[in-house]
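See structure below.
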Amino acid sequence: MSLEPWSIKEQPEFKSILQAILKKAVQILGGSAGVIAQWNETRQNYTISASHGLDPSAVRQLRPLMTGDYPNLPAIQEPFRLLSEPDSGRKPPVSEEVTSQNPIVVLPLRIGDVSTGLMFILHPLNAEAFANLDKPVLEAFAEQAAIALQNARLAHLLAEEKMRTEFILENSPDGIMSIDTQCRILGLNSAMEKMTGYSRHEITGRECSDVLHFRDFEGRAWCSQHCPMHQNDADQRHIIELQGKIRTKNARDLEVSIKYSLVLNQAGEPINAIATIRDISQLRQLENLRETFLSMLGHELQTPLAIIKGYASALTEGKWSEEVLKTSLNVIEEESDNLSRMVNRLLLASRVSRGGSPLNLELIDFPGLVEKVVRRRKVLTNQHVFQIQMQPDLPAVQADSQLIEEVLANLVDNAIKYSPQGGKITITGQRDNQKVKITVEDEGIGISEEGLKHLFERFYRVSQGPGYNIKGLGLGLYISKTIVEAHGGTIEASSQAGRGSRFTFSLPVPTTAGEAENKSEVT
């Protein structure tokens, strides 16, 4: 199997084959010109496919003869004179010798009872070669010409179909690879080259396991047990599907699904296999995210629900003082608010991941927005000191105030959450050219270098270290990044484990004077 890149230039020149057949026929029959017309089954007429010794205007003059009503072989026409087109100002379409052509022999070309076309052979007027040909000779020649024409047509169709198939395989979005009985790579397509990093010339002829190192998701090599070329006849199947990992040229593991389609001989033994390889890394990642999300959601919901249920159950039994009732109801209200915040955050994550509704843009100033967020957080902690440092005359930005407030709230909440021993939380704002930059900095446990790489991914939570037991869905920073980027801004983080973290996001400043005059306050 060859999966070399295909182009239209490789298509067999069918017309040149017809020209060769026609030229040979004219020579054998002693003619001076000829035409081949093929039968078009769809249109139910004859279509001129090749001509020899005639120019286009002369060929057009032969069209009235292409009726298809030639029951006998051969069909000798009456004298037929080719004329130049009237008032064309051109010379006759063929030489003077050929201009008075006579006679024309028509050879119906048939395969059995099926008509494949007509061959017209023209001869100079004074020549008598046609008259000397016996009918059996012409019939035999017509039969051979029909077979040659049919073979050329079938070869052309076969080549076209082969190129069409190779074109489809070559341009498939999935990687496709062919292997032989010795598991050697016979060919591969462009998608496979792109997926693995190997060119087809690098690995053609090599054993696929040595190149791609097929393994299951646990890292166990599977070629010796699962290769379709090593199966016993008893469990032989035509299509085999496996999932696992392959190794790319740059030593990166890629999670894939491989479907083998086997080509079997008459004894049912595999002689070739076509492997279709699909990258399922993103699909696997989504499955892992879904499992992680469900696990975290169950864990995060369990605590407030258990508290609410416990206090509600206790309040229904016995009589309680007013102070106990008030305390219990406050706890229920607080945990209900926690649940509400979780649900709202999930809804917001769903909205921003889908593109959501259009942004409700308005001019907002950050000093007022920061004061609002900090004021609400101060009542939640007595261990932290908030410091706000806003540059004087900090320009307003055009943004969705509710969404930007969500970003600020996420960053301040994280600063509180990840500095459990308390400390200073500093929120600064400054202009940087045509951007406003807001920074939230804490003195908490910090983030590892590995954690910084995945910090803004959906549902990401640290798997070890000081922040492992801190509650959360892993959505806050993902939502914040999506909101900031939707406004044309950027967000970044820096940290040192054990020495706090620093988050900075920037938003563009409006440039028109009209926008600055229409500045509105955040409420």
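- Considering only residues two or more places apart in sequence or on other chains, Glu441 meets the side-chain contact (heavy atoms from CB on, under 4.5 Å) condition with Arg502.
- Annotation: side-chain hydrogen bond (donor to acceptor under 3.5 Å, both in side chains) contacts of Glu333 (sequence neighbours excluded): none.
- In this structure, a donor-acceptor pair under 3.5 Å is absent between the side chains of Ser281 and Glu255.
- Panel note: side chain Thr316, backbone Ser313; a donor-acceptor pair is recorded below 3.5 Å.
- The pair Arg377-Asp413 meets the salt-bridge criterion, since a charged nitrogen lies less than 4.0 angstrom from a carboxylate oxygen.
- Salt bridge annotation for Arg200-Glu170: present, with a cationic side-chain nitrogen under 4.0 angstrom from a carboxylate oxygen.
- One finds no salt bridge joining Arg499 and Glu443 here, because no Lys/Arg side-chain nitrogen approaches an Asp/Glu carboxylate oxygen to under 4.0 Å.
- When side chains are defined from C-beta on, Met195 counts as touching Leu254, because their heavy atoms get closer than 4.5 Å.
- A heavy-atom distance below 4.5 Å is found between the side chains of Val331 and Ile307.
- Inter-residue side-chain proximity for Leu315 and Ile332 is flagged as met; some heavy-atom pair is nearer than 4.5 Å.
- Screening residues 478-496 for salt bridge (charged side-chain N to carboxylate O under 4.0 Å, His left out) gives Lys481-Glu485 as the qualifying pairs, with residues at least two apart or on separate chains.
- For the residue pair Thr426 / Gln389, no side-chain donor-acceptor distance below 3.5 Å is found, with atom types taken as modelled.
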